[in-house]
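Below is one structure, written out as C-alpha cells; the observations come after it.
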Amino acid sequence: MSTANRAGWLAGAAGIAAVGSAAGVTAARSLRRRVTAEDPHRDEDFELLDADRSTVVTTPDGVPLAVREVGPLNAPLTVVFAHGFCLRMGSFHFQRARLTEQWGDQVRMVFYDQRGHGQSGEASPETYTVEQLGQDLESVLAVMAPRGPVVLVGHSMGGMTVLSHARQYPQRYPTRVVGAALIASAAEGVSRSPLGEILKNPALEAIRFGARYAPKTVHRFRGAGRAVIGPILRAASYGDEKISPSVVAFSEKMMHDTPITTLVEFLHALEVHDETAGLTTLRKVPTLIACGDHDLLTPMEYSQEMAVALPKSELVIVGGAGHLVQLENPEIIDEALVRLVERSTPSKLVALTRRVRDRVRNHG
C-alpha cells in the first residue's frame with residue numbers, strides 16, 4: 001500500500017466511529033425497549049452443539065470448517081444447516097434442541113461454521129464471497145453426506161449459500177438434494193433493504209481495503225467498524241416486543257466474536273451477490289421460504305419474490321419477527337421444517353416423522 005493510500009485509509013477508518021455512533025443510537029435504543037424482563041430461556045444451554053460429534057472438513061483451498069452432527073449415521077435423511085452473516089452454527093440452537101425430539105432416529109442433522117465465522121478457520125479475504133460459500137457447502141456434503149437424500153437449510157447468508165450451491169451444482173438436485181429451506185434470505189444483493197444505506201458508507205470500504213492490504217493495522221479499527229454495523233444488526237435481529245435477554249445476549253456474542261475482516265468482506269458480498277440462477281435449480285425440489293415481517297435486513301418482499309419463482313415452495317411469514325426468526329419464533333420455524341421434510345422424503349419417512357411429531361405433541 002502506498003503512503004498516500006494508507007493515509008487515506010487511516011483517515012476514513014478513523015472517521016467511522018463518529019458516523020457509526022450516530023447511526024446506531026436509535027437502533028440500540030430500540031433494541032433495549034424490546035428486551036423483556038422475563039426470561040423463559042434463562043437456563044438454556046446455548047452451547048449444546050459443542051457437545052455433539054465433531055468433525056473438521058478441510059476445503060480445497062485449505063480452510064478448516066468446524067462441523068457438528070447429531071443423530072444416527074445411518075439415518076434415512078440428512079439435514080444440513082448453513083448459518084448467516086456474523087453468526088455461527090449455534091444460531092440454529094433451538095432447531096438442534098427441539099427437532100432432535102421431533103425426528104428421533106430418522107434424521108441426522110449436520111451443522112457447520114462458515115469460513116471466517118465461529119470455530120472455522122479464517123481465509124484470504126478474496127475468498128469471502130457467496131460463490132465460495134456454495135463451494136464450501138459442497139465440500140461439507142462430500143464428507144458428511146456422500147450418500148443418501150439431503151435437505152439443505154440456510155438462514156440469511158446461509159440461504160444465499162444454498163442458492164449458490166444450487167446454481168453451481170444443479171446435477172445434485174433432485175438426485176441428492178431433495179429439499180431446501182431459505183430463511184430470512186435473498187436471491188440477490190440486499191441494497192434495497194435498510195442495510196443498503198449502511199453499505200454506502202465510504203468508511204466501510206476503507207476498512208475493507210485495509211483488511212486486504214494492511215491486515216495487521218485494520219484490527220486497530222475493529223471497534224470503529226462495529227460502531228457502524230453492530231447496532232444496526234442487533235436492532236434488526238428481533239421484531240417482537242418481548243425478547244428473552246438470554247437469547248439476545250447469545251446472538252450479540254456471536255456477532256461480537258466475528259472477526260472484523262469477516263464482517264466487512266461478507267458485508268460487501270451481501271451487497272453484490274446475485275444467485276437468482278439458483279432459483280431455477282430449486283424449482284426441482286420442495287422448498288420452504290420463511291421470514292419475519294419486521295425483518296429490516298432481508299425484508300419479506302425478498303422472500304415473497306423467491307416464493308413466486310418456486311412453485312413447490314411454502315411461504316411462511318412470521319408476524320412480528322425480525323431477522324433472527326429461527327431464534328425469536330423457533331416453534332413456527334421448527335414446524336415448517338418438519339413439513340418440508342415430509343414433503344421432500346419418501347412416504348415411509350413421512351409416516352415415521354408424523355408419528356414422532358404426534359407422540360411429542362401428545363406427551364408435551
Side-chain angles (χ1 to χ4, degrees), residues 57-61 63 65 67 76-85 107-112 114-115 127-190 266 269-291 298 302-315 336-337 339-346 349:
V57 172
T58 303
T59 66
D61 63 337
V63 180
L65 302 179
V67 182
L77 176 74
T78 300
V79 179
V80 178
F81 294 79
H83 69 77
F85 172 66
V107 175
R108 179 172 64 116
M109 290 188 284
V110 173
F111 307 83
Y112 71 101
Q114 306 262 30
R115 62 174 54 208
T127 70
Y128 286 174
T129 65
V130 174
E131 180 173 28
Q132 179 62 58
L133 295 183
Q135 296 169 17
D136 289 351
L137 176 54
E138 176 67 9
S139 295
V140 171
L141 292 176
V143 174
M144 302 304 299
R147 293 174 296 278
V150 174
V151 169
L152 301 178
V153 178
H155 168 255
S156 185
M157 188 176 72
M160 301 168 193
T161 300
V162 172
L163 284 165
S164 174
H165 182 269
R167 174 182 61 80
Q168 296 182 75
Y169 305 94
Q171 70 277 15
R172 304 283 191 263
Y173 303 70
T175 55
R176 291 292 318 289
V177 179
V178 299
L182 307 175
I183 303 170
S185 195
E188 55 185 322
V190 297
F266 275 119
L270 298 185
E271 180 184 16
V272 302
H273 92 282
D274 184 353
E275 295 296 344
T276 51
L279 293 170
T280 302
T281 301
L282 290 188
R283 289 172 62 90
K284 304 175 185 177
V285 300
T287 53
L288 165 67
I289 311 294
C291 66
T298 52
Y302 289 128
S303 291
Q304 291 169 328
E305 291 169 1
M306 291 190 293
V308 169
L310 297 172
K312 296 182 180 180
S313 66
E314 176 189 5
L315 176 62
L337 289 174
R339 292 194 300 272
L340 173 65
V341 164
E342 291 177 349
R343 292 189 295 125
S344 303
T345 54
L349 180 56

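This one's a predicted model, so the numbers in the text were calculated from it and none came from an experiment.
By the side chain to side chain donor-acceptor pair (under 3.5 Å) test, His165 is found to be paired with Glu138, Tyr173, residues two or more places apart in sequence or in another chain being considered.
What you find for Thr287 and Ser313 is that their closest heavy atoms are OG1-CB, 2.9 Å. Taking every heavy atom of both residues into account, Ala82 and Tyr112 meet most closely at CB-OH, 3.7 Å. Between Lys312 and Lys284, the closest heavy-atom pair is NZ-O, 3.3 Å. The heavy-atom pair separating Thr78 from Ala145 by the smallest distance is CG2-CB, 4.2 Å. Considering every non-hydrogen atom in both Leu340 and Pro286, the closest pair reads CD1-O, 3.6 Å. In terms of heavy atoms, Val285 sits closest to Val178 at CB-O, 3.6 Å.
Leu270 has its side chain within reach of Met157: a pair of non-hydrogen atoms, C-beta onward, lies under 4.5 Å apart. No side-chain heavy atom of Leu182 sits less than 4.5 Å from a side-chain heavy atom of Ser303. In this structure, Met144 and Val80 have side chains that are not in contact, with every pair of non-hydrogen atoms separated by 4.5 Å or more. At least one side-chain heavy atom of Leu141 sits under 4.5 Å from a side-chain heavy atom of Leu152. Between Phe266 and Leu133, some side-chain heavy-atom pair lies under the 4.5 Å cut-off. Put simply, the side chain of Arg115 reaches to within 4.5 Å of the side chain of Leu65, judged on heavy atoms.
How far CD of Glu275 is from CE of Met160: 9.5 Å, rounded to the nearest 0.5 Å.
A donor-acceptor contact shorter than 3.5 Å links the side chain of His83 to the backbone of Gln114. Proximity of a side-chain donor or acceptor of Arg176 to a complementary backbone N or O of Pro146 within less than 3.5 Å is detected.
With hydrogens and angles left out, the side-chain atoms of Ser164 and Gln168 include a donor and acceptor closer than 3.5 Å.
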